[in-house]
Amino acid sequence: DTAVSQTPKYLVTQMGNDKSIKCEQNLGHDTMYWYKQDSKKFLKIMFSYNNKELIINETVPNRFSPKSPDKAHLNLHINSLELGDSAVYFCASSPTGGILDTIYFGEGSWLTVV
Amino acid sequence: QKEVEQNSGPLSVPEGAIASLNCTYSDRGSQSFFWYRQYSGKSPELIMFIYSNGDKEDGRFTAQLNKASQYVSLLIRDSQPSDSATYLCAVPNQAGTALIFGKGTTLSVSS
């Protein structure tokens, strides 16, 4: 069973479109994250939710809107896609969000905006 | 804003050698440090974490922490071609609510 699963794995779309990436974890963790990894492989936190509550909202354009219907799910919706949004988006989870927590990553969603 | 610095490499070592990966961090108050490995096209996975000064060993991997000098290292003994990957150093952010990653060091082990 995949612990952190995200769909779709690959997404190619045109500029200006709106798209969503879904994420689910079956680990019973309280905290979920969205990370973005750009073409230079730099992995950067975007959002963090703890038990459905937004904890972190880094300096991300408001075209990006996360939604957590329950603590096992954290979806990412992106409006008006731009070329610079092309990246790999990793969903992740951790037990409590504490400083000694291991973060478990999903397999990533490769987004290409053309 | 905490920062984590790593030499992007690539670091090339022959099979069987010791690979030494280094990471420096900006916040003297950082308490825990993580090493993740990321194979090309895959997601990062935890190798080990360390929060006490000194060495922590796990199999062929040893993490070394020097808080006074603000650096943390990862040594890989008896390097194997399967160790070829990007190694990411990470520390918790100021609030301790997420990890801040370095840009990673790419390791290449040649057989």
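Treat the numbers as computed from the prediction; the structure is a model and nothing was measured. Throughout, protein chains are lettered first and strands after them, A, B, ... in sequence-line order, and every chain is numbered starting at 1.
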Inset, instruction - Look at atom CD of B/Glu15 and say whether more than 12 heavy atoms of other residues, nucleotides or ligands are closer to it than 6.0 Å. - result: yes
Inset, instruction - Measure the OG-NZ distance between B/Ser8 and A/Lys40 for me, rounded to the nearest 0.5 Å. - result: 10.5 Å
Legend entry - Residue part contacting chain A, namely of B/Leu99, when any heavy atom lies under 4.5 Å: both
Inset, instruction - For residues B/Leu88 and A/Leu43, determine if any side-chain heavy atom of one lies less than 4.5 Å from a side-chain heavy atom of the other. - result: yes
Legend entry - Cluster check A/Phe90, A/Leu76: I/L/V/M/F/W/Y, side chain < 4.5 angstrom: no
Legend entry - Contacting moiety of B/Glu45, where chain A heavy atoms sit under 4.5 Å: neither
Legend entry - A/Gln37 vs B/Gln38 side-chain heavy atoms within contact, under 4.5 Å: yes
Inset, instruction - Taking the side chain as every heavy atom from C-beta outward, state whether A/Tyr35 and B/Pro44 have any atom pair closer than 4.5 Å. - result: no
Inset, instruction - Decide whether A/Phe64 and A/Leu83 are clustered together by the hydrophobic rule: side chain heavy atoms of Ile, Leu, Val, Met, Phe, Trp, Tyr closer than 4.5 Å, transitively. - result: yes
Inset, instruction - May I ask you to check whether over 12 heavy atoms, not counting those of A/Lys41, lie within 6.0 Å of atom NZ? - result: no
Inset, instruction - For B/Lys42, look at atom NZ and say whether over 12 heavy atoms of other residues, nucleotides or ligands are found less than 6.0 Å away. - result: no
Legend entry - Side chain, backbone, both or neither of B/Lys103 within contact of chain A (heavy atoms, under 4.5 Å): both
Legend entry - Cluster check A/Val60, A/Met32: I/L/V/M/F/W/Y, side chain < 4.5 angstrom: yes
Inset, instruction - May I ask you to list the residues in residues 101-114 of chain A that approach chain B closer than 4.5 angstrom, counting heavy atoms only, ordered by number? - result: A/Asp101, A/Thr102, A/Ile103, A/Phe105, A/Gly106, A/Glu107, A/Trp110
Inset, instruction - Decide whether A/Met46 and A/Phe42 are clustered together by the hydrophobic rule: side chain heavy atoms of Ile, Leu, Val, Met, Phe, Trp, Tyr closer than 4.5 Å, transitively. - result: no
Inset, instruction - Report yes or no: do B/Ile100 and B/Leu74 belong to one cluster of Ile/Leu/Val/Met/Phe/Trp/Tyr joined by side chain heavy-atom distances under 4.5 Å? - result: yes
Legend entry - Distance-minimising heavy-atom pair for B/Thr97 and A/Ser48: O-OG, 3.8 Å
Legend entry - Greater than 12 external heavy atoms within 6.0 Å of B/Glu57's CD: yes
Legend entry - Within 6.0 Å of CG in A/Leu27, more than 12 heavy atoms from elsewhere: yes
